[in-house]
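Read through the structure below, which is laid out as structure tokens, and then see the notes.
As a basis for the values below, the full set of heavy atoms in this structure was taken, side chains included, without hydrogen atoms, waters or symmetry mates.
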Amino acid sequence: MNLVLTVEVMDIMTKLQRGDDKWLPRIDHDLCTGCGDCVSACPVDALGLVNGKAVLIRPEACTYCLACENVCPVDAIELPFLIVFGEED
């Protein structure tokens with residue numbers, strides 16, 4: 001099966017490249033323990049601790065590298081993706 005980029009996916013990719021619309025990590029503050037593992041793992045210092053919880057303090061710096069999501073011991077951080085499969089014409 002080949003992945004075919006739909007118009008919707010191409011529009012999203014164009015917006016991301018232009019910086020018009022950026023997907024950002026979602027942090028569940030009810031789950032976050034404030035351990036700081038994600039802050040330490042972030043290669044661009046986009047995350048910080050505020051009032052004992054992880055916060056995206058520099059969203060423009062986030063590269064969506066997955067480091068924070070992968071290191072979180074309680075799965076409080078997720079980086080959502082939109083995956084669309086289609087059939088070739």
Side-chain angles (χ1 to χ4, degrees):
M1 172 193 263
N2 292 327
L3 176 64
V4 177
L5 295 179
T6 66
V7 173
E8 180 183 19
V9 173
M10 292 182 69
D11 285 347
I12 291 169
M13 291 173 64
T14 300
K15 286 180 181 179
L16 287 173
Q17 290 168 352
R18 286 193 319 236
D20 294 344
D21 189 4
K22 185 161 181 171
W23 295 341
L24 297 171
R26 294 181 187 159
I27 302 170
D28 184 333
H29 290 113
D30 291 331
L31 290 177
C32 179
T33 63
C35 70
D37 288 354
C38 58
V39 175
S40 299
C42 181
V44 294
D45 298 322
L47 295 168
L49 290 178
V50 175
N51 296 326
K53 300 289 181 172
V55 175
L56 192 60
I57 58 172
R58 294 183 52 229
E60 73 283 354
C62 180
T63 61
Y64 227 69
C65 70
L66 301 176
C68 58
E69 182 182 51
N70 291 336
V71 74
C72 182
V74 294
D75 297 323
I77 301 178
E78 68 175 359
L79 282 78
F81 287 92
L82 174 64
I83 300 173
V84 178
F85 292 96
E87 294 183 26
E88 286 186 298
D89 293 321

Apart from Val71 itself, which Ile, Leu, Val, Met, Phe, Trp or Tyr residues share its cluster (side-chain heavy atoms under 4.5 Å, direct or through members)?
-> none
Only distances under 3.5 Å count here; give the side-chain donor-acceptor pairs of residues 37-46 to other protein atoms, sequence neighbours excluded, each with its distance to 0.1 Å.
unit_1, atom_1, unit_2, atom_2, d
Ser40, OG, Gly36, O, 3.3

Run through the side-chain heavy atoms of Ile, Leu, Val, Met, Phe, Trp and Tyr, join any pair under 4.5 Å, and report what else lands in Ile57's cluster.
-> Val50, Val55
Write out all pairs satisfying salt bridge (charged side-chain N to carboxylate O under 4.0 Å, His left out) with one or both partners inside residues 64-80, taking only residues at least two apart or from two chains.
-> Arg26-Glu78
Could you state the interatomic distance from CG (Leu66) to CD1 (Ile77), rounded to the nearest 0.5 Å?
-> 11.0 Å
Check side chain to side chain contact (heavy atoms under 4.5 Å, CB included) between Val74 and all other residues, then give those that pass, not counting sequence neighbours.
-> Thr33, Cys72, Ala76
Give the minimum heavy-atom separation between Leu47 and Cys68, together with the two atoms involved.
-> CD1-CB, 3.5 Å
Here the pair of heavy atoms bringing His29 nearest to Lys53 is O-NZ, 3.1 Å
Tightest non-hydrogen contact, residues Cys62 and Leu56, listed as CB-CD1, 4.4 Å
Just jot down the side chain to side chain contact (heavy atoms under 4.5 Å, CB included) partners of Asp28, sequence neighbours excluded, or say none.
-> Asp30, Leu31
When every non-hydrogen atom of Pro59 is compared with those of Leu24, the smallest separation belongs to O-CD2, 3.9 Å
